Number of protein chains: 4
Amino acid sequence: MDFRSDNVAGAAPEIFAALQAANAGNVASYGADDISRDLEARFAALFEIECRVFPVATGTAANALALAALSPAHGAIYCHQESHIQVDECNAPEAFTGGAKLVPLGGAAGKIDPAALARALGLGWSKSQHHPQPSALSLTQATEAGTVYSPAELAALTELARGQGLHVHMDGARFANAIVSLNASAADLTWRAGVDVLSFGATKNGALAAEAVVFFKPALDKGLADNFLFRRKRAGHLFSKMRFLSAQLAAMLEDDLWLRLARNANARARQLAEGLGALPGVTVAYPVQANEVFITLPAAMRQAFLAAGILFHPWSDDGALCRFVCAFDKTEAEVARLVEIAAASA
Amino acid sequence: MDFRSDNVAGAAPEIFAALQAANAGNVASYGADDISRDLEARFAALFEIECRVFPVATGTAANALALAALSPAHGAIYCHQESHIQVDECNAPEAFTGGAKLVPLGGAAGKIDPAALARALGLGWSKSQHHPQPSALSLTQATEAGTVYSPAELAALTELARGQGLHVHMDGARFANAIVSLNASAADLTWRAGVDVLSFGATKNGALAAEAVVFFKPALDKGLADNFLFRRKRAGHLFSKMRFLSAQLAAMLEDDLWLRLARNANARARQLAEGLGALPGVTVAYPVQANEVFITLPAAMRQAFLAAGILFHPWSDDGALCRFVCAFDKTEAEVARLVEIAAASA
Amino acid sequence: MDFRSDNVAGAAPEIFAALQAANAGNVASYGADDISRDLEARFAALFEIECRVFPVATGTAANALALAALSPAHGAIYCHQESHIQVDECNAPEAFTGGAKLVPLGGAAGKIDPAALARALGLGWSKSQHHPQPSALSLTQATEAGTVYSPAELAALTELARGQGLHVHMDGARFANAIVSLNASAADLTWRAGVDVLSFGATKNGALAAEAVVFFKPALDKGLADNFLFRRKRAGHLFSKMRFLSAQLAAMLEDDLWLRLARNANARARQLAEGLGALPGVTVAYPVQANEVFITLPAAMRQAFLAAGILFHPWSDDGALCRFVCAFDKTEAEVARLVEIAAASA
Amino acid sequence: MDFRSDNVAGAAPEIFAALQAANAGNVASYGADDISRDLEARFAALFEIECRVFPVATGTAANALALAALSPAHGAIYCHQESHIQVDECNAPEAFTGGAKLVPLGGAAGKIDPAALARALGLGWSKSQHHPQPSALSLTQATEAGTVYSPAELAALTELARGQGLHVHMDGARFANAIVSLNASAADLTWRAGVDVLSFGATKNGALAAEAVVFFKPALDKGLADNFLFRRKRAGHLFSKMRFLSAQLAAMLEDDLWLRLARNANARARQLAEGLGALPGVTVAYPVQANEVFITLPAAMRQAFLAAGILFHPWSDDGALCRFVCAFDKTEAEVARLVEIAAASA
């Protein structure tokens, strides 16, 4: 059993079926096919607002291209110090923005501390030629710590940002998990909370490789999407056979597949956290609000997992803090078996 | 019938089958799965030399990342004035190299004129701080004009380049078509002819979206691939579920699928050129050596095609010169039908 | 005697005097001193229009930063194939634009052929995501061939460009020489002829190191200068002791110093061309309209120059075509002596 | 009296005299003149080792270009969170490196805490394609807080860095002040302490505008300077009349002018700190080891300074913490007068 990441899983059968269906016949390339052209209507319905939707294949591409639409090369982008864009994208945001500066901020449980943001914005950089120009705030929902921002928490941060003229990006690699967790609408967690652009993730949630950069109407009115076609192509992220990207995204939204998959992933994470958390010597590090569990385990339990071939990521230098991620396809039985093995080790 | 491009076609059934097979189970992400790890051995066997293979999803990504490995930001990259990297990639090569200059060269039928290359290299730029530093030559095989460079033609150009210390890139978006056309070995058309790095194309030849950047041993010995993992990731082109890229490439090489597909595409192009070329008022513009046909057609014939729903690209301002591309899945019957319609219009 | 370039000369005494005067006392840094603040009024008077003026120290910085204000990273910049920005700036324009493509155009005597520009703009790149987006035209006045564009020639080119939405840049490293040559107003040669931004050169004309990027009101209304302060600083081209850059520029405009210096330089070039041109075996290659002379000389004459310690640049492979540049401080006697030596060699 | 910065001062008379002397005659441009060619010997003598010296005009250019020689675009550069490169260069380091990430580290009194560096280097980024690659450490000497690193402190940090394969840069905008303060040799504070490349500052110390990027032999042996000529030109920082940059640097080293100027600046800062520090309600924030004083003043004293036209920078939101910088030309009498005014306000 492999709990190292949600990307150790393959793709959901519905996604494969959609690819097969999309394969029929000759169609216009580069996004002029019917599936691609219908995407924006699907997203508009989901988000209850006009939007523009640009499929790409990786989350790093989605994030870095979205940020490049929000920040000039002389800009500053505020993010959590453990965010994917800061730590795990090998400077892709810097590359696509032309060298904008990411300003890492602290905050418990993967969430930016509003006071830290306020302090950073209070340094007087704006309008001074010497300093990077504050240009964007990037929030991760669900966070890298497996937690979620409530709509009120989002609003507190985006209001600070907007008060200084910043645009707002959301890294939604696990957006579905957040929606399910908060039982909120897609609109409430994005543009109604002040988000301009969303990296809408599908890969971690059961696609082969598909993400979408979604600009909501307020961002469109500000012209933020105007050059996105060129940005995407210039980055080598325009697919010639676009139907195959679009079909994955369309299938995700069809009959709420994306929510069903995320619901299972979240439920398995809770099951895991509750099961292990009830055992002696175990501490759950953060609230389990999505499909990730950060948890401190006794050495004997970790030993037992290794012996049983159960894979997970050690998250601290001493290996006691561990990360388990439940992909869309983990089953209740699998997690139950994991808990059994843990219990036997105690 | 759609002859606008090879990318109006979907994917070959063998590719889909390979994706399905690759979907089984949990595997390590980011290229540490078995299919991905076996790729280099497959390519080494094909190319008869040690090589490193980096899958990406688009041809533009493959080309721009490969060139970035060959040229510093202050470099000059020599290419045909109608090459894809110069005309059709929206400055992706400039983006990924950090601003290298593409020097467009002339030459008949899509092939760089060696005299033009010699002139450009003779300008005395090398070692002078004022000028871009000659760093790479990029060749397209098969060319944008549907022609191919013979091994001798390749060698003439690469020798000029190597004589001045340039590295050599080959854009092989239609490499399979060239191999089939020349009945040459993959080695003879690449490293034995002086090529350091190949953009090995699969998308146009029947994959959903898969290309590989292949560095041959001489390039490895020069350290050219040393940072490629970081370049790819930083560009957002590292797939988390890498197995799905790798499986397409592996399937292509399995039982020479790639050659079978290209052989058909080439044959259909020849059938089309010969069929139409025999009709009055028709002139084939370039030798048909791959799967593209550039051909001047009478207005009545073009009219007849449009009326029959046959799609192709006008290639001159007056529309007389037209481009037909035969994808891997065009059938003999389809092309025969096209010729019939043409003949009826005469 | 050194005719290799105008930059083998030092600085004019008036420039030194201005620096000495500017050295007095403590003043605000980074352009907030009085000399710097008065610059825009001086330039507005000269150009008869509101403008913003940004001093920098080198022509390459002026050109590359100006172009970065006119073209996005996915843009195409049209220029003469022998222009300084294309050939002599080691990819600085590409660097500061983030990787825009320079499209080199032909044209006799250093001037862009309007038909070549029309052809390039007629390729259908605009609005297509595959291609670089036509964004700017760059003209050099006086040209690299020592010729000048008449106002009508300028207008013909800028109208073509503006018709397609391009912005227009002028590389005026030798702008003073053009003004003097054409006896035209600074306004007529710039914004009235459709120029948005001028690289106003002073270094070649007798400053130590000072250029100005000048945005005219039409460019300001388009917002093109909005981020220039940040662009300049980010490029390391903001001087802390700005007074020393500004003082050079102010001194140039004081009592028409810049025109007096250029008038002498131009006169010396004419004297040289007429003197040598009257000798047997000598051919002047281009009309001598500024301070550069391109001229074919017999071997014996070149030999005589070398023997006399007269420095100049061979401009063709066989050395017969030569370039002589007359700096602001060349004297009538010096050129007369050069002609004598030449005559004696015949 | 103006204590806002060292750059509110003009230039030292010796510097002007050197410029005047350099102005004589025609000389080769772009660094091929005698003054420029002799620079490396002068620096080699000063630093007691072979070195390469590249003059540029601004500190931001020196720093950003030096860092670009040390870090690839996918690199991470470790620096103090209040360093000039992080806070005051409007993303120039990001621009010239192609988007490297600056990792800001804490530490008291402007000096990087070795434990913070060790923690950052312990994150396991090296060799992993997901993360920025640790590539350089940048130290500021004297620091932004007016303090200096002792040779032992330098060594502790550079050893950590070198142990992980990082290169080391020193921002020496106020290097002369550090040398004087520590009474150490230039070699001991640079390459002997593990520094590869120094931004050698002259502007703040009495030049008009001149800095030098100095690569020491160990860096040369690693090839770090190999492309610097191209980097500098591509950034628009190659001066045509290079003699005017070089002459300023040569004059600084002549008869230890740079040390004399810095010695006075440091002495004035100490005088100021001791004088004000002895007054009631005044606290000196950091050890005064160079020419900057960070000091908390009572409101009445600040009021008295303003009334007397004494300029300085408030450094905290409430204005109580203030920065005074003593330029090379501040006199003992001026500082004494300042202290008198302060004393009278108490």
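Computed from heavy atoms alone, side chains included, the values below leave out hydrogens, waters and symmetry copies. Lettering follows sequence order; numbering is per chain, from 1. Keep in mind the model is a prediction, meaning the values are calculated, not measured.
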Output all residues satisfying side chain to side chain contact (heavy atoms under 4.5 Å, CB included) with A/Asp317, sequence neighbours left out; order by chain, then residue number.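 Once residues adjacent in sequence are excluded, A/Asp317 has no partner under the side chain to side chain contact (heavy atoms under 4.5 Å, CB included) criterion.
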For A/Asp171 and A/Ser199, does a side-chain donor sit closer than 3.5 Å to a side-chain acceptor?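 Their side chains do not contain a donor-acceptor pair, so the 3.5 Å distance test is not met.
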Checking side-chain polar atoms at under 3.5 Å, does D/Glu211 have a donor or acceptor matched by the opposite partner on D/Thr58?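 There is no such pair between these side chains.
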Heavy-atom donor-acceptor pair, D/Thr140 side chain to D/Thr143 backbone, under 3.5 Å: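 Answer holds: no.
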So does A/Gln86 get a backbone contact from the side chain of D/Lys101, meaning a donor-acceptor N/O pair under 3.5 Å?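 Pair found, side chain donor or acceptor close to backbone of A/Gln86.
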Residues of residues 70-83 of chain A contacting chain D, heavy-atom criterion under 4.5 Å, by residue number: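 Checking residues 70-83 of chain A against chain D gives A/Ala73, A/His74, A/Gly75.
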Under 4.5 Å from a heavy atom of chain D, the part of A/Gln133 involved: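 For A/Gln133, there is no contact with chain D at all, as no heavy atom is under 4.5 Å.
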Ring geometry between D/Phe228 and D/Phe54 (parallel below 30°, tilted from 30 to 60°, perpendicular above 60°):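 Correct class here is tilted.
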